[in-house]
Amino acid sequence: MADLPIVRFEEKIIETVEKNPVVVVIGETGSGKSTQLSQMLYKRGYAKSGMIAVTQPRRVAAVSVSRRVAQEQNVRLGEEVGYAIRFEDRTSEKTHIKYLTDGVLLRESLFNPELNQYSVIILDEAHERSLNTDILLGLMKRLIKRRQSNLKVLITSATLDGGKVSRFFSDCPVLTVPGELFPVEIVHISERPKNYVEASLKTAIDIHVREPEGDILIFLTGQDDIEKLVLKLEEKIQSLQEGSCLDALILPLHGSLPPEMQVRVFSPPPPNCRRFIVSTNIAETSLTVDGVVYVIDSGYVKQRQYNPSTGMYSLEVVQISKVQAKQRAGRAGRTRPGKCYRLYPSMVYHDDFLDATVPEIQRSSLAGTVLYLKSLDLADMDILKFDFLDSPSIESLEDALKQLYLVDAIDENGSITSLGRKMAELPLEPSLSRTLLEANELDCLSQALTVVSMLSAETTLLPAPSKSSEKKRKHTPSNLPDGSGLGDHIQLLQIYEQWYQTDYNIDWCKENNLQVRGMVFVRDVRKQLSQIMHKIAKGSLDVQTSKRRRDSQQEYRILRKALFIGYANQLAERSIRHNGYRPLGFKSELVQVHPSSVLKADEDGMLPNYVVYHELIVTSRPFMRNVCAVEMRWVAPILAKLEKLNVFKLSGGSSQPDKQIQEVTLNVEKKEIATIQSPEDRDSRIQAARERFLARKGQK
DNA sequence: GAGCACTGC
């Protein structure tokens, strides 16, 4: 067994686990908790009546850590020690120690809520507070009561706030294991810079000129700033006198870089050369860069946030938390003592920074989470009172219930429907699983499978255009299909069908500027979804080819109908005079179709009266991303449903919701009730608007 | 007419 700090605490750990159902283990990076805890427990016979599960928030971690453990145990990976991640299960009947992503464990728990195959469950990296880890923490608290005699739960975290987790698990013991990091000297700047790209440049050059060798890792917020700084660093370093300092290699690092660019940070630098790695927070946890001795921390991060009252996501630059600041600093001390330059005063750190990052569960739409929990049929389960380590707001839970009701996953009393149960089995967000099930009824399952799979990977399909490549792109117009004017979903379908006709040719993706990684992922998702749908599929699951296609307009129309049913919670109505839309069912706000959309306007420049959208995102303005034209006649039943909506009933009526909150969420619906009496009235109003519209068109 | 951090089933 490796000589890691945690090994010295083996007796104490085993003794504590023996006496307690839940134990929190705090261990800094390098303590060995991820690889050693499972082996210690295995050695002491804890895997005799079931496997030892270790969850990881990320796929690569599950794979790499299990590989290490298999090596240390001197067994073949996939036998006594294995891993399970989406699309890949490398375990067997022999497996005693199983590493898996927390998402996979959640899915397993859907089919076996008692998780009887495990005698020990270790939730690793709990401090990252991923949505899935938080759900698991809540489930473990319940499970421990039911399986007190034969289940041990360990929760491991890198940060010091074990107290909170301990209180959550009725004051369970907290063990602290030292890490194996080298000391990192922290330097704070005395005043916050106006421009942190400039400040990073200055600091980096100072280090380069004055400090001994060692790579520099710089944390910025996004691609734009990273590209700016890379350019400036190149300029500045060229102007430095040759031979006066080390050579320099400047590397950008962010998620939308192609993989071959990302792996450049893993190859060691040439001799006498200092590397400048300019990165997003991808280097905070997901990627570990060796050789870093200096860290420059801007103190900011770009974070996605969901607003349940408007249904909108926004991507905002926010201050990092103390936990994140420590994590960033720690990146300087992995190989030898390092230094971290913080581009903010220590007062700001102490007084302004939050102790911990706002957990994902408080920043996301919870429709999928709530549906998942409902489908577990937990005893005495009141969704508004589910015991989370940090509860999401009531407003956010009510928004989730409302959305689930609109897509028929729960009934008006908040009980899960049989449709909802089928939806929960699909690894998709509720709108997309609802679309698939409706498509199965309408006989367009094959097409829906394709669209839904494309959407599962959408952001990684088209390469993020950088400023430098923008001009090139404009001169080479895309040869990709245009969705026949009906919107982005139809375009995604057409793109995938074309790729299918090239027999999944990788070069075709490259020629068309589609990310290979993304397209291969789509293919995997489609395969997985097909396997799940196979049991209940009424028609063919295979990708259709144009040879077999008679009438694509009719086919697209049916598919759009299925999408409409799935996106009943994401429906928008165009204003009569212009192309602004109002999302229905949310606090009213005017939104635009995203300029990247292929949705076409008619001869008068008017967009469709109604569209469904995949996502509302606020950037410079609120936009609908991925929109699909729907027909007016489909809309009335959904409007009727919106009017009937009673959030109090949906939440089970067992808890008295805050009145004010309820009124905010019902704002729009109340207005609708005030202006029109029934769906039929609504229909006639739509018809009248349509006629005015046609009359105006006739005049021209 | 715009631009998007990172994960995961």
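All chains are named by letter (A, B, ...) in the order of the sequence lines, taking the proteins before the strands, and each is independently numbered beginning at 1.
Partner of A:Ile121 under the side-chain contact (heavy atoms from CB on, under 4.5 Å) criterion, chosen from A:Ile52, A:Leu105, A:Leu154: A:Leu105.
For the pair A:Leu131 CG and B:dC9 C1', the interatomic distance rounds to 11 Å; values are reported in whole Å. If you measure from atom CG of A:Asp134 to atom C1' of B:dG8, you get 14 Å, rounded to the nearest angstrom. Between the C1' atom of B:dT7 and the CG atom of A:Leu287 lies a distance of 12 Å, rounded to the nearest Å. Between the CG atom of A:Leu136 and the C1' atom of B:dG8 there is a distance of 12 Å, rounded to whole Å. Atom CD in A:Gln56 sits about 16 Å away from atom C1' in B:dC9, given to the nearest Å. In this structure, the CG atom of A:Leu455 is 19 Å from the P atom of B:dC4, given to the nearest Å. With rounding to whole Å, A:Asp102 atom CG is found 10 Å from B:dC9 atom C1'. In this entry the distance linking CD of A:Gln324 with C1' of B:dC6 reads 11 Å, nearest Å.
Listed by first and then second residue, the salt bridge (Lys or Arg N to Asp or Glu O under 4.0 Å) pairs involving residues 98-114 of chain A are A:Lys98-A:Glu108, A:Glu114-A:Arg146 (not counting sequence neighbours).
Side chain of A:Ser596, nearest nucleotide from B:dA2, B:dC9, B:dA5: B:dA2. Distances from the side chain of A:Ser286 to the nucleotides B:dC9, B:dA5, B:dT7 place B:dT7 closest. If you check B:dA2, B:dC9, B:dA5 against the side chain of A:Thr619, the one that comes closest is B:dA2. Closest to the side chain of A:Arg621, out of B:dA5, B:dC9, B:dA2, is B:dA2. Out of B:dG3, B:dC4, B:dC6, the shortest distance to the side chain of A:Ile282 is found at B:dC6.
Among the protein residues, A:Val104 comes within range of the sugar-phosphate backbone only, with heavy atoms under 4.0 Å from sugar or phosphate atoms but none that close to a base. Across all strands shown, A:Arg107 has heavy atoms under 4.0 Å from base atoms, whether or not it also approaches the sugar-phosphate.
In this structure, A:Arg625 does not reach the B:dA2 phosphate: none of its side-chain N or O atoms is under 4.0 Å from OP1 or OP2. Contact annotation: A:Thr285 does not reach the phosphate of B:dT7 (side-chain N/O to OP1 or OP2, under 4.0 Å). Using a 4.0 Å cut-off, some side-chain N or O of A:Ser620 falls inside it from OP1 or OP2 of B:dG3.
The salt bridge (charged side-chain N to carboxylate O under 4.0 Å, His left out) search around A:Glu125 returns A:Lys33, not counting sequence neighbours.
Closest-nucleotide positions on DNA chain B for A:Thr221 and A:Pro427 were compared, and the one nearer the 5' end corresponds to A:Thr221. Take the nearest nucleotide of DNA chain B for A:Thr280 and for A:Leu426: the residue whose nucleotide is more 5' is A:Thr280.
Counting only N and O atoms by type, the side chains of A:Arg58 and A:Ser130 include no donor and acceptor under 3.5 Å apart. Between the side chains of A:His578 and A:Ser575, at least one donor N or O lies within less than 3.5 Å of an accepting N or O.
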